[in-house]
Novice: 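Below is one structure. I have some questions about it.
Atom set for the values below is all heavy atoms of this structure, side chains included, hydrogens, waters and symmetry mates excluded. Note that the coordinates shown come from a computational prediction; the quantities given were computed from them, not determined experimentally. Naming: A, B, ... by sequence-line order, numbering from 1 per chain.
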Amino acid sequence: MPDTEKTAPSNFIRAIIEDDLASHKWSGRMATRFPPEPNGYLHYGHAKSICLNFGLARDYGGICHLRFDDTNPEKEEQEYVDAIIDAVRWLGFDWHEHLYFASDYFDRLYEFAKYLIAHGWAYVDSQTADEMRERRGSHIEPGEDSPYRNRSVDENLDLFRRMKAGEFADGVHVLRARIDMASPNFNLRDPVIYRIRHAEHHRTGNKWCIYPLYDYTHCISDALERISHSICTLEFEDHRPLYDWILDRLQPVIGWHPQQIEFARLNLTYVVLSKRKLIGLVEQGYVDGWDDPRLPTLIGARRRGYTAAGFRLFTDRIGVAKADSWIDMSVLEECMREDLNLVAERRIAVLNPVRLIIDNYPADRDELCHAPNHPLKHELGTRDVVLTRELWIERDDYMESPSKGYFRLFPGNRVRLRYAYVVECTGAEYDEHGGLIAVHCNYLPDTKSGTPGSDSVKAKGNIHWLSTTHAADAEVRLYDRLFNVPHPGADGRDYLLDLNPDSRQIISARIEPALMQAAAEQNFQFERHGYFVADRVDSRPDKPVFNRTVGLKDTWVKSA
RNA sequence: AGGGGAGUCGCCAAGUGGUAAGGCAUCGGAUUUUGAUUCCGACAUUCGCAGGUUCGAUCCCUGCCUCCCCUGCCA
């Protein structure tokens, strides 16, 4: 991480940490964790959490663990573990040796459960799931105690041991915390902490047939790792009393009790971040897979050309608080532009070509023009582009009858061919259907960029171009937002109805030869268009494929 | 017998009994061989509403309104 990266502004979590550090509350320790469940791909919302947890550790001289919350063998897979590790690393963070799995704690979790049973704080319930639900009560009435709630410690211990030994089928018994069936907080109405699942776990194989649940596992994992600040999203606020209840009981044997702090999860316009909806998009083929550049997954973002630094900037910019809020997609896009503007080398591509013929330029002439690779970083040098009599220019850089304020090519107007000469437009040719075939112009010989006096002739317009004899072809994928409304699926509408049918357009573009050797994942700015990246999956040297990451801001189309 | 949270500029978001940071967006203007970038300037007499306490309230008290979360053997 560059030192130049500014740290985030003050927020309530930083205030808590600063107080704790000042009061030496955690013996000076500062440790956070990012605790994904390996049951899917990480999305933009996770990026907020990752940047928050790792960023806090970085800024306060602490550490951030990467811990997989892998307590549900039926949903979790190694493939996801690997993808998550890649994604966190890609975002620029390092957990050093602190890579953990809740499943590594299964033995201790089991012992702690026996401790709870021995103290009368947990019991084996033998009701069916339906019976448990019926007795759970509701918002206006308390729950009823299970008929098994007062089994003896010995019987509970025996039953629990036999659950572990595999003597019972799935669902026959569960271990529950004995708290309060009348609590207004449902999480305290004797929550289940262990269930029987005869399923193979991606890490522990068939060693276990009982698996602990989240509420029981998470707090203990945090405590065992000596986490100081356990940061999670708002929906876990109601779980905090349970988190505290368990660690209070286990205080004598664990001796550490992290503080759970909740923040508002990310809501972003023009995308969906719910796992269910993302799965729907992938499985029903609306996108090409989990790494489709239009999907708000981190693997998709990476393929689209979004940068890790852009995500970090985004996280700092949106802040963190407890109020539900919606961030507009344009904020994320602007963060990407901001980073890309600094790092992306400039190149030329003509996406929608039409011929420009310089009538007074010799047909046999090849002239080198020098284009800087970056306007702000001269140390990045220049490259040569060849000027010839016949060029490709953008179709919309010519207007037969210019609208008000238009200052590109139209009969009688002058524009500068970027890095080359000023030309004066003389007219255009059309086919029998009125389609534009070619634009004609004459160049002004004394105006070549970089030569003395080249600025004597002023031209407000400045257009990019490529020699028709030297340009190469490349596939370019123009990505746009996946949905065309800010809140897909709002008010109960089917979110698929809000899909943007033009979220991807694949075209064949003209590119400058220097682009032919683009390395996978190399970011560029195609001048006057936007930021593009060589596709990390399909791009090949000599056969590059570019994805549009995000367009440049354009105050002209906005006013038009 | 309900419980837990949240409401400060268009979007985020600090702040806190002493008279509303910052960012983004927007609008002006300058610079510019990208209609980009950069730069400069403008941008909440007001903090969900109504009362109260106080010399003084966004902050404390009371009442109300709106929004979000909670009855998986998911996380």
Side-chain angles (χ1 to χ4, degrees), chain A residues 9-12 15 35-37 39 69-72 74-76 125 127-129 132-134 136-143 170-176 182-189 191-197 210-211 213-215 217-218 232-241 262 264 269 275 316-328 330-331 334-335 337-338 341-342 346 348 371-372 375-376 405-408 415-420 422 447 449-450 454-455 458-464 525-530 551-560:
Chain A
S10 171
N11 60 55
F12 78 103
E37 182 189 13
N39 72 341
D69 237 327
D70 55 350
T71 57
N72 188 345
E74 290 167 327
K75 290 184 174 178
E76 298 151 4
D125 196 355
Q127 297 181 96
T128 62
M132 278 181 57
R133 192 175 311 115
E134 282 164 20
R136 189 142 30 224
S138 70
H139 287 155
I140 50 171
E141 53 189 27
D170 289 4
V172 173
H173 304 291
V174 292
L175 184 68
R176 289 229 253 176
S183 172
N185 181 346
F186 287 100
N187 297 118
L188 299 180
R189 314 248 265 222
V192 173
I193 59 178
Y194 263 95
R195 79 289 222 181
I196 299 171
R197 278 287 174 286
I210 57 171
Y211 290 93
L213 275 88
Y214 167 83
D215 284 305
T217 309
H218 199 87
C232 60
T233 45
L234 251 25
E235 66 268 29
F236 291 102
E237 228 155 5
D238 286 346
H239 295 240
R240 184 165 11 105
E262 309 84 11
T269 59
K275 193 162 282 179
D316 288 347
R317 185 163 290 178
I318 63 177
V320 55
K322 298 191 70 159
D324 292 308
S325 60
W326 282 87
I327 307 295
D328 198 90
S330 63
V331 176
E334 183 54 25
C335 288
R337 287 191 193 99
E338 214 165 302
N341 178 44
L342 262 25
R346 268 77 233 233
I348 298 164
L376 307 170
Y406 185 86
F407 53 66
R408 279 114 89 171
V415 302
R416 176 171 292 280
L417 297 180
R418 199 158 167 72
Y419 310 129
V422 172
T447 60
S449 294
S454 63
D455 284 342
K458 296 293 180 194
K460 187 159 174 57
N462 193 310
I463 67 172
H464 62 278
Q525 183 197 97
F526 289 177
E527 294 200 77
R528 298 215 300 137
H529 283 301
L552 248 27
K553 268 195 262 187
D554 188 344
T555 50
W556 168 247
V557 299
K558 200 179 289 182
S559 65

Novice: Rounding to the closest angstrom, what is the interatomic distance between A75(B) and C70(B) at atom P?
Specialist: 16 Å
Novice: Using the rule given for side chain to side chain donor-acceptor pair (under 3.5 Å), can you reason through Asn185(A) versus Ser183(A), listing the C-alpha separation, both sets of side-chain angles and the distance that settles it, and then say yes or no?
Specialist: CA-CA 5 Å; Asn185(A) 181 346; Ser183(A) 172; 5.5 Å; no
Novice: According to the Watson-Crick and G-U wobble definitions, with both distances under 3.5 Å, which nucleotide is paired to U32(B)?
Specialist: none
Novice: Taking 5.5 Å and 30° as the limits, would you call His464(A) and the base of U34(B) a stacked pair?
Specialist: no
Novice: With a 6.0 Å cut-off on the ring centroids, do His239(A) and His218(A) count as close?
Specialist: no
Novice: Is Ser10(A) close enough to G22(B) that one of its side-chain N or O atoms is under 4.0 Å from OP1 or OP2 there?
Specialist: no
Novice: Only pairs with both distances under 3.5 Å count, Watson-Crick or wobble alike; so what is the partner of A42(B) in this structure?
Specialist: U26(B)
Novice: Could you please name the partner base of U53(B), counting Watson-Crick and G-U wobble pairs only when both distances are under 3.5 Å?
Specialist: none
Novice: Under a 3.5 Å cut-off for both contacts, is A14(B) paired Watson-Crick or G-U wobble with anything, and if yes, with which nucleotide?
Specialist: none
Novice: Base, sugar-phosphate, or nothing for Leu213(A), non-hydrogen atoms under 4.0 angstrom?
Specialist: sugar-phosphate
Novice: Under 4.0 Å, counting only non-hydrogen atoms across every strand here, what does Arg346(A) touch: a base, just sugar-phosphate, or nothing?
Specialist: base
Novice: Could you please name the partner base of C67(B), counting Watson-Crick and G-U wobble pairs only when both distances are under 3.5 Å?
Specialist: G5(B)
Novice: Starting the side chain at C-beta, find the nucleotide from A75(B), G5(B), C12(B) nearest to Trp326(A).
Specialist: C12(B)
Novice: Does C74(B) have OP1 or OP2 sitting under 4.0 Å from an N or O in the side chain of Arg197(A)?
Specialist: yes
Novice: Please state the C1' separation for the pair G52(B) and C43(B) - nearest whole angstrom.
Specialist: 34 Å
